[in-house]
Amino acid sequence: MNILDKLNKQQLEAVTYKNGPLLVLAGAGSGKTRVLTTRIAHLIEEGVDPDNILAITFTNKAAGEMKSRIYSLIGYFAKTMQISTFHSFGLRIIKENFEYLGYDKNFVIFDSDDSLTIIKKILKEKNIDTTEFNPRAIRAKISSLKNELITPEKFKRQAFNDFEDVVSSVYSKYEDTLNKNNSLDFDDLLVLPIKLFTAKKDILEKYQEKFKYILIDEYQDTNEAQYKLTKLLASKYKNICCVGDVDQAIYGFRGANYRNILNFEKDYPNTKIINLEENYRSTKTILKAANSVISHNVNRKEKNLFSNLDIGDKISYYRASSGLDEVNFVIDKIKELEHDGVSYKDIVILYRTNAQSRTFEDGLLKANIPYKIIGGVNFYNRLEIKNLLAYLRIIHNPLDDVSLERVINVPKRGIGSKTISNLAITAMEENVSLFDAIKSGKELQFKNLINELREKKDTLPLVDFIDLVLDKSGIKKEYESEKSLEADVRLENLEEFKSVALAFQEETGIISLEDFLLNISLITDNSEVKEEKNAVNLMTIHAVKGLEYDYVFLVGMEENLFPHTNSLMNDEEIEEERRLCYVAITRCKKKLYLTNARIRLLYGQEQINPVSRFISEIDDDLLDNVGIKVIFNDEDIKSEEKKVINQEEVYNNTEVTYKVNDFVYHDTFGPGKVVSVIENKKDPSRTLLKIAFKLPYGVKTLVYSHKNLRKV
DNA sequence: CCATAATTCTTTTTT
DNA sequence: AGAATTATGG
């Protein structure tokens with residue numbers, strides 16, 4: 001069977017348009033990944049060497065997905081191809097050219113926690129008050145400067161308030177520190193290749209020759225550095241295919257500029273533009289809801305995304321009385337779905353902030369439902385893992401002061417802050433690393449330990465070496481002797497880390513510490529290492545980008561949470577939140593559930609938030625308000641009554657004498673309670689009420705003026 | 001130097 | 001509420 005058979009007209013065109021700049025504007029669910037993968041397969045069939053193709057995706061997950069799909073199309077060739085994120089691509093360039101960039105080959109990559117540590121230290125040295133100048137804010141600013149390719153020297157000239165002055169001075173010291181430590185941060189993975197390509201034309205040319213065909217996914221989310229890198233590489237052959245959707249631009253906070261996609265034609269004259277507008281993923285109902293939400297954005301181009309699938313189920317909307325109630329609702333529905341034969345892995349719970357995952361995790365755990373959290377508090381961020389990694393790093397890179405300081409007293413060896421500051425003074429005076437400054441005392445024992453381990457690092461397979469480090473350092477013994485539940489968990493995590501190392505070793509055949517360390521710094525969660533298991537997925541909306549699920553629970557649909565408080569002041573940011581909502585809705589194939597809570601515990605305080613504006617932006621007739629459960633008996637009515645205190649939803653149409661939660665009596669159905677009021681603006685006498693009656697009647701929709709109906 | 005108590009942040013989204 | 005940082009006393 002031909003690989004082109006399954007494509008529609010536009011997809012086919014995008015796949016077969018071989019040379020020159022190509023922009024594919026791909027609406028949600030329009031088969032974007034299929035186009036990219038088939039295009040790559042087709043290029044290879046046409047005789048393009050797989051080594052000449054570069055494909056960039058946004059996440060490791062997406063890269064893996066693409067690889068396996070290409071593999072299923074063309075087999076073997078997929079293995080050698082460069083399909084990666086911008087960051088791992090950048091790392092590859094750096095690895096191949098570290099000597100031109102002034103790094104020693106043992107360089108390591110610092111994560112954002114390490115960056116923060118460095119920044120805090122610099123602030124202390126400079127006697128800058130951290131309550132006035134928040135280290136995190138400084139880190140964020142430095143990161144965005146790097147991504148805008150603004151150097152410390154340049155920023156020094158343009159800083160124009162106190163905060164920026166502080167940032168400016170910290171920034172240059174921060175860069176020096178990274179250099180001294182023979183280390184890079186995440187942003188360097190983009191910045192350094194650009195530096196290299198700009199300074200060394202011959203090296204750039206080499207890569208231009210190598211990557212004659214370039215494909216970039218999620219182009220609307222590229223920032224200045226990524227944009228520049230792309231442009232440098234593509235400028236010679238201009239065989240560049242970018243795919244994106246302005247309505248799905250959700251990384252503005254990270255400096256992404258969706259205008260990159262709008263400016264594509266200007267950057268590359270004679271661009272071919274192809275629109276993909278048929279959605280193959282979602283039911284008509286879901287797509288309608290998504291379209292109606294996104295249409296509220298002012299700053300946007302009208303687009304006609306359509307679906308030929310069924311209308312499907314209505315969207316369930318549940319307004320819970322509390323955060324716990326919300327969790328229980330979701331869990332009940334998951335149980336129902338499972339009972340109906342749905343597998344857990346086809347279900348996802350999406351939230352705006354990572355902090356929301358906890359209550360759902362607790363609930364799922366209690367309900368004995370398997371789940372996995374994608375992203376969030378990262379496996380590699382756990383204390384024991386960070387300490388082990390710091391050991392590995394200092395063994396690998398003697399210049400890494402940050403890691404040394406982290407573990408020189410782990411486990412406790414009686415080396416305190418006084419010793420370390422003395423060491424720092426010596427290091428400064430002699431202009432050497434902390435490691436080299438060690439000459440005596442207990443710290444010398446530590447130095448000897450590291451030296452001893454360093455000698456062995458290339459003589460043992462990775463996993464055995466890690467075992468040796470755990471053993472000799474005393475980390476293992478410490479946890480073992482503690483005999484607490486917490487210590488046991490930590491030991492388990494260390495075992496898990498070893499299995500990650502083993503998997504890496506088996507998959508790549510690589511056993512060197514160096515490659516392992518570099519690789520691991522780009523992995524942001526370990527779920528991709530773990531085997532596929534049938535479990536409910538939990539993640540933020542940002543993390544779900546590019547994925548799809550049959551059943552989607554979008555929770556916490558409240559003002560202040562989603563849209564998030566911090567975005568309310570600014571129209572641009574509200575629009576980004578709305579695009580985020582659009583992304584969330586369009587992940588869903590079959591049935592969407594929206595939930596929120598009247599009262600929720602947030603930051604240790606009870607908070608009452610209004611319903612998210614995004615709910616009201618969805619046509620009412622697409623929503624099935626399952627807000628109030630059918631009332632079975634008088635007990636239930638009383639408990640509902642309690643719930644209703646704090647109820648703020650009053651339909652203030654004076655023509656209508658009923659509002660939600662009014663108790664009513666119907667001559668045939670008996671006592672009931674108003675669940676929702678469906679106003680008819682043109683003809684108020686046709687206003688409808690949804691009323692929950694006792695079983696066996698259930699929820700009925702009635703005209704409010706019906707003679708059999710009265711208020712109690 | 002270190003264990004514990006007290007106090008002060010922190011909360012958007014991520015490679 | 002929980003984590004992280006700082007103060008206190010042994």
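Naming convention: chains lettered A, B, ... in sequence-line order (proteins, then strands); numbering from 1 in each chain.
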> Within the structure, does a side-chain N or O atom of Arg413(A) lie under 4.0 Å from either OP1 or OP2 of dC1(B)?
Replying inline: no
> Once you round it to whole Å, what is the distance between P of dT10(B) and NE2 of His564(A)?
Replying inline: 14 Å
> Reckon Asn223(A) has a side-chain N or O less than 4.0 Å from the OP1 or OP2 of dT14(B)?
Replying inline: no
> Rounded to the Å, how far apart are Arg358(A) CZ and dT11(B) P?
Replying inline: 14 Å
>> Rounded to whole Å, please give me the gap between CG in Asp113(A) and P in dA4(C).
In response: 9 Å
> Hey, does Phe86(A) reach any base, or is it just sugar-phosphate, or nothing, if we go heavy atoms under 4.0 Å?
Replying inline: nothing
>> Just the rounded figure in Å: distance from C1' of dT14(B) to CG of Leu190(A).
In response: 12 Å
> Which nucleotide in the set dT15(B), dT13(B), dT5(C) lies at the smallest distance from any side-chain heavy atom of Lys120(A)?
Replying inline: dT5(C)
>> Looking at dT15(B), I'd like to know if its phosphate oxygens (OP1 or OP2) sit under 4.0 Å from a side-chain N or O belonging to Ser88(A).
In response: no
> Which word best sums up how the rings of Phe89(A) and Phe211(A) line up, parallel for under 30°, tilted for 30 to 60°, or perpendicular for over 60°?
Replying inline: perpendicular
> Only one of Asn537(A), Ile374(A), Leu538(A) forms a side chain to side chain contact (heavy atoms under 4.5 Å, CB included) with Val348(A), so which one is it?
Replying inline: Asn537(A)
> Could you give the CZ-to-C1' distance, from Arg136(A) to dT11(B), as a whole number of Å?
Replying inline: 10 Å
>> Does dT15(B) have its OP1 or OP2 closer than 4.0 Å to a side-chain nitrogen or oxygen of Asn60(A)?
In response: no
> For the side chain of Phe186(A), counting heavy atoms from C-beta on, which of dT13(B), dT11(B), dT15(B) is nearest?
Replying inline: dT15(B)
> Roughly, in whole Å, what's the span from CZ in Phe110(A) to P in dT15(B)?
Replying inline: 20 Å
>> dT8(B), OP1 or OP2 - any side-chain N/O from Thr131(A) closer than 4.0 Å?
In response: no
>> Can you tell me which nucleotide in dT13(B), dC1(B), dC2(B) comes closest to the side chain of Lys418(A)?
In response: dC1(B)
> Which residue lies toward the 5' end of DNA chain B, Ile415(A) or Thr353(A), if each is placed at its nearest nucleotide?
Replying inline: Ile415(A)
> Taking Val552(A) as the fixed residue, which of Ile347(A), Leu350(A), Leu594(A) is the one that meets the side chain to side chain contact (heavy atoms under 4.5 Å, CB included) rule?
Replying inline: Leu350(A)
> How far does the C1' atom of dA4(C) sit from the matching atom of dT13(B), given to the nearest Å?
Replying inline: 22 Å
> Could you give the CD-to-P distance, from Glu361(A) to dG2(C), as a whole number of Å?
Replying inline: 13 Å
> Taking only side-chain nitrogens and oxygens of Asn134(A), does any of them come within less than 4.0 Å of OP1 or OP2 of dT10(B)?
Replying inline: yes
>> Using whole Å, what does the distance between atom C1' of nucleotide dT14(B) and atom CD1 of Ile374(A) come to?
In response: 15 Å
> Under 4.0 angstrom, heavy atoms only, what part of the nucleic acid is Glu573(A) near: base, sugar-phosphate, or nothing?
Replying inline: base
>> Using a 5.5 Å cut-off between ring centres and planes within 30 degrees, is Tyr251(A) stacked on the base of dT13(B)?
In response: no
> In terms of the nearest nucleotide of DNA chain B, which residue is placed more toward the 5' end: Asp187(A) or Lys412(A)?
Replying inline: Lys412(A)
>> Using ring centroids (six-membered ring only for Trp), state whether His542(A) and Tyr251(A) fall under 6.0 Å.
In response: yes
>> Aromatic contact between Phe504(A) and Phe497(A), with the criterion being ring centroids under 6.0 Å apart: yes or no?
In response: no
> Among dT11(B), dT13(B), dC2(B), which nucleotide sits nearest the side chain of His542(A)?
Replying inline: dT13(B)
> Counting just side-chain N and O atoms, does Lys545(A) come under 4.0 Å of either OP1 or OP2 of dT14(B)?
Replying inline: no
>> Quick one about Glu218(A) and Gln220(A) (side-chain donor to acceptor, distance below 3.5 Å, no hydrogens or angles considered), yes or no?
In response: yes
